Structures are given as structure tokens and as C-alpha cells.
2 protein chains.
Amino acid sequence: MEKSTQGAANDAQVIAPFRSHAHDHGQCVVEAIAAAESRCEKDGSSFTPLRRQVLELVWSSHEPVGAYELLEKLRRSRRKAAPPTVYRALDFLMEHGLIHRIESLNAYVGCGDPERRHGGQFLICRDCQSVAELDDSAIDKAVARRADALGFDVQQQTVEIIGQCANCVSRGRNDR
Amino acid sequence: MEKSTQGAANDAQVIAPFRSHAHDHGQCVVEAIAAAESRCEKDGSSFTPLRRQVLELVWSSHEPVGAYELLEKLRRSRRKAAPPTVYRALDFLMEHGLIHRIESLNAYVGCGDPERRHGGQFLICRDCQSVAELDDSAIDKAVARRADALGFDVQQQTVEIIGQCANCVSRGRNDR
DNA sequence: CAAAATATGATATATTATAACATTCGGAGT
DNA sequence: ACTCCGAATGTTATAATATATCATATTTTG
């Protein structure tokens, strides 16, 4: 089991932490699919085999995946897949909060908690390409305060922090 | 007691506010070009006519502009312009902190303060497409605290907040 | 079952960005 | 002024990402 040095209140704001190199990723996928089924049932939307498959492919790692990379993988089992096949599935998954789009990478990553309403806050490691997902209320509040002061009505936030994760810092990695 | 001191400190963190519909935009452009000349002189880099022209085109409004839109405008006076012409100029301008890229729009906007080191924080109005640029230390600190707690080394931040600016809120606009 | 709505297939094309090589321009040293 | 050099721009081609449109199939619903 992975362990955090931080308190529970803190953890609650980390939707998905950086994962150790050898965590039980199968479990991540199982949980993600279960959460997706639950969420779609609640929404009354149909979690079709295609959509499930694309979600599984997005969850093949904790790294953001590009649409055409997904398409290539998808084609191995579904030869008729074309760009719209993937993009429609991605649109569906985003609308239902099952994945997020990382704007600065033109790529997609699984959402660690589809039940919880949240905007996108991500720490992205430039070396191992892993992503941690946050729902940090201090960031939210800082944004909200500034927006309020300017009379700006916030509707959506994109927070993408590029850097080096703890794992890569300690290993002295410097891929770029 | 009024919060006057806080007000001033507050304002300093808004690098470029939303502009009224009829501000003196010519002045914005003049200032931006002057700042660019100053910055390039300090950097020992050459602010060529092409680069100046592209910067002027980016500054033709306070809205983010796409590369191909810039190309189209550029071609009016420079018929040999091609995509690399624009992208090279944009790369130069970004490297020297004269413009920012808005990731969520694949578009570019002039930087309101090239002298000051800062990451990108933007409020983007979905109705009038105007952008305000921030350098909000509360947002920075909130990000830094969370990153520190996770041992993450921040190297670059992308903060893009979509919503409705005060002007459009008060006019009840709802373009999208 | 028939009609309507939803989902996917299929084809074409739009939009954004970069690779690779050729040419031109402008200054440093002679 | 001349030549060399490196920076800047020109030129052509193509990569990477995303959407439009119409056809077909599947599911839902009355």
C-alpha cells in the first residue's frame, strides 16, 4: 500500500497521487471501470463496449495519452476505428467526468474521482510523464478571490503545472 | 479602516486587466513595442521587422490570436509568409517573454509586462474573448504549497480560467 | 412493429504545427 | 571592399490533432 506523509485533510485534495513505479495498476483500472459504470448508470447514459474500451486504453497508464495513440491501440481489436470513433468516445467520457483533457499536451488522462465535481488541476512530470490530479481548495480559493475582485464569473479552470515529480527528483532524472 | 494598502498590492498582481470597449488601444501597442525593443536590447537579440510586425499583429487586440490568423494578416504585406514564418516569430517572442501561448485555445496573446518574470495566469472571457493576465501570488503560493507537500519541483505553470468578464456579465451576454 | 433517438461507420477535410533544406542578410575580421 | 560565418528568412513538404458530413446500424419507445 502506498502511504502519504500528509494528513487526511490534505490527502482529500489529492484526487490521484503520483504512483510508485510498481503499484498494482490492474486495481486502478478495475476501480476506474467500476466508477464509470456507476456514474453512467446514475446519469442514465450508456457505457457501451466502445466507450469502455477507450476508457480502459486511457487508463493503460497514469500518463496522458494522445487521441491518435489511442486510435492505434483501438484498431488492434477494432479494425474499423477511425479518428471520429476515438474523438466521440473521448467527448462522451469527458462529458461524464470520466477523463480529463490536458490542454498543454493535447492528451487525455483518466479521472481519479468521477463522483466528485471538480475542475482540472494537474501536476505533470516532464521526465516520467506521470500526472497527479488535485482538487486543491487553496488553489480554488485563490482563483475565486482574484476573479471576484475583478467581477469575473469562473466557469471552468485549467491548472497544469509542469515540473519534476518526487520520484524523478530523487533519481536525478533529467530527460529533457 | 480601509484596505487601501491591500488594494495597491492587489492591483500589482493584475498584469493586464480587462479593457473597456473603447480604451486607447493604440497606446497599448506603442507601449508593447517599446517594451519589446527594450527587452530585446537587454537580451542582445535582434528585434527584426518581421518579429516586430508579428508582435504588432498579436497586439491588434486583447484577444488571443491563432497562428494561421496571424499568417493571413501577415500575408497582406508580406506575400512570401508561410507557416514557419509565423511560428518562428512566435517562438522568438515567447522565448523573450513578449507573448504568451494560451494552451486551451491554441492561440497567442501579448504579454503585459515582459520585464517581470512570471508564469502564465489568465482569465479568459468566453463571450468577448478578451483576456486578463494575472501574476497572483496567492495562486502561486497555493500551487507551491501543494507541490512542496508532494515533493514536486514546479518548473512552469499554466493557469487558464474560462468564464465571463465583468463587462459581459453586466450586459447579460451569453454568446455560448 | 414503426418511428425516433442514439451510436457507430466511413470518407473527406479542416486546423495547428514542424521537418528539412535553400537562400539571403548583416556584421566581424582582414 | 571582400569573404566568411552565423542568424534570419524563404520554400516545400508533411506531421499531428481535430471536426464535418452523410450513411448505416442499433436501441428505445410508443
Side-chain angles (χ1 to χ4, degrees), chain A residues 36-37 40-41 43-58 63-96 98-109 129 158 160 176, chain B residues 36-37 40-41 43-58 63-96 98-109 129 158 160 176:
Chain A
E37 281 172 346
C40 287
E41 182 138 9
D43 291 355
S45 58
S46 60
F47 191 51
T48 64
L50 172 61
R51 290 163 178 172
R52 170 195 296 256
Q53 198 180 349
V54 171
L55 183 59
E56 283 170 355
L57 290 173
V58 170
E63 303 170 22
V65 196
Y68 279 75
E69 193 180 337
L70 289 169
L71 176 57
E72 190 188 348
K73 291 178 180 175
L74 187 61
R75 274 186 163 145
R76 291 172 193 165
S77 63
R78 186 182 280 257
R79 276 174 295 189
K80 335 175 239 190
T85 312
V86 163
Y87 280 104
R88 283 170 186 151
L90 291 172
D91 286 347
F92 173 91
L93 297 171
M94 279 192 290
E95 277 166 14
H96 292 82
L98 305 174
I99 62 172
H100 295 284
R101 174 175 162 83
I102 307 296
E103 297 289 350
S104 56
L105 298 175
N106 294 334
Y108 306 82
V109 70
Q129 279 80 51
T158 297
E160 296 174 5
R176 293 185 193 171
Chain B
E37 281 172 347
C40 287
E41 181 137 9
D43 290 355
S45 58
S46 61
F47 191 51
T48 65
L50 171 61
R51 290 164 178 172
R52 169 193 299 255
Q53 199 180 349
V54 171
L55 182 59
E56 282 170 357
L57 290 174
V58 169
E63 301 169 24
V65 196
Y68 279 75
E69 192 180 337
L70 290 169
L71 177 56
E72 191 187 349
K73 290 178 178 173
L74 187 61
R75 274 186 162 142
R76 291 174 193 162
S77 63
R78 186 183 280 256
R79 276 175 293 189
K80 333 175 240 186
T85 313
V86 163
Y87 281 103
R88 284 170 186 152
L90 291 173
D91 285 347
F92 173 90
L93 297 171
M94 280 192 288
E95 277 165 16
H96 293 83
L98 304 174
I99 63 173
H100 294 284
R101 174 176 163 82
I102 307 295
E103 297 290 350
S104 57
L105 298 175
N106 294 335
Y108 306 82
V109 70
Q129 279 79 53
T158 297
E160 297 173 7
R176 292 185 194 170

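What's counted below: heavy atoms across the whole structure, side chains too, no hydrogens, waters or symmetry copies. Since the structure is predicted, the reported quantities are computational estimates derived from the model, not experimental observations.
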Expected string for nucleotides 24-30 of chain D under the B/S/- scheme (protein heavy atoms, under 4.0 Å, primed atoms plus P, OP1, OP2 as sugar-phosphate) is -------
Short side-chain N/O contact from B:Y87 to OP1 or OP2 of C:dT18, under 4.0 Å
no
Sugar-phosphate only, base, or nothing, as touched by A:F92 at under 4.0 Å among non-hydrogen atoms:
nothing
Just the table, please: protein N/O against nucleotides 13-15 of chain D N/O, every pair under 3.5 Å.
none

Measure the spacing between CG of A:L74 and CD of A:E56 and express it to the nearest 0.5 Å.
11.0 Å
Closest to side chain of A:R51, choosing from C:dA17, C:dT8, D:dT9:
C:dT8
Earlier contact from the 5' end, DNA chain C, for A:T48 and B:R88:
A:T48
Interatomic distance, A:H96 atom NE2 to A:R51 atom CZ [nearest 0.5 angstrom]
7.5 Å
Here's a test of your reading of the structure: between B:S45 and A:D91, which maps to the more 5' nucleotide of DNA chain D?
B:S45
Ignoring hydrogens and angles, write down the donor-acceptor pairs under 3.5 Å from the side chains of residues 79-95 of chain A, residues two or more places apart or on other chains.
residue : atom : partner : partner atom : Å
A:T85   : OG1  : A:A82   : N            : 2.9
A:T85   : OG1  : A:A82   : O            : 3.1

To the nearest 10°, let me know how far the axis at one end of the helix from C:dC1-D:dG30 to C:dT30-D:dA1 is tilted from the axis at the other, five pairs an end.
30°
Mark yes or no for whether B:E160, through its side chain, and B:E103, through its backbone, hold a donor-acceptor pair below 3.5 Å.
yes
What is the distance, to the nearest angstrom, from the CE atom on B:M94 to the C1' atom on C:dT18?
13 Å
Check the phosphate of C:dT6 against A:S46, side-chain N and O only, distance under 4.0 Å to OP1 or OP2. Yes or no?
no
Shortest non-hydrogen contact between A:L98 and A:C40, atoms and distance:
CD1-SG, 4.1 Å
For the CZ atom of A:R75 and the CD atom of A:E72, what is their distance to the nearest 0.5 Å?
9.0 Å
Distance col, row B:I102:CD1 vs B:E63:CD, nearest 0.5 angstrom, shows 12.0 Å
With respect to the side chain of B:R78, which nucleotide from D:dA18, D:dG10, C:dA7 is positioned closest?
D:dG10
Just verifying a value: how many Å separate B:L71 CG and B:K73 NZ, rounded to the nearest 0.5 Å?
12.0 Å
Using a heavy-atom cut-off of under 4.0 Å over every strand shown, decide if B:R79 touches base, sugar-phosphate, or nothing.
nothing
B:L105 CG to D:dA18 P: how many Å, rounded?
14 Å
Once you round to the nearest 0.5 Å, how far does CD1 of B:I99 lie from CG of B:L57?
11.5 Å
B:T48 meets the side-chain hydrogen bond (donor to acceptor under 3.5 Å, both in side chains) criterion, sequence neighbours left out, with none
Please report, rounded to the nearest Å, how far the P atom of C:dA7 is from the CG atom of A:L74.
17 Å
Atom CG of A:N106 and atom P of C:dT18: how far apart are they, to the nearest Å?
10 Å
Can you tell me the distance, in whole Å, between the NZ atom of B:K80 and the P atom of C:dA22?
19 Å
Rounded to the Å, how far apart are B:L93 CG and D:dT9 P?
10 Å
B:R75 atom CZ is separated from D:dG10 atom P, nearest whole Å, by 11 Å
May I have the distance from A:L71 (atom CG) to D:dA18 (atom C1'), rounded to whole angstrom?
12 Å
Non-neighbouring partners of B:E37 that pass salt bridge (Lys or Arg N to Asp or Glu O under 4.0 Å), sequence neighbours left out
B:R52
Does A:N106 reach the side chain of A:R101, with side-chain heavy atoms less than 4.5 Å apart?
yes
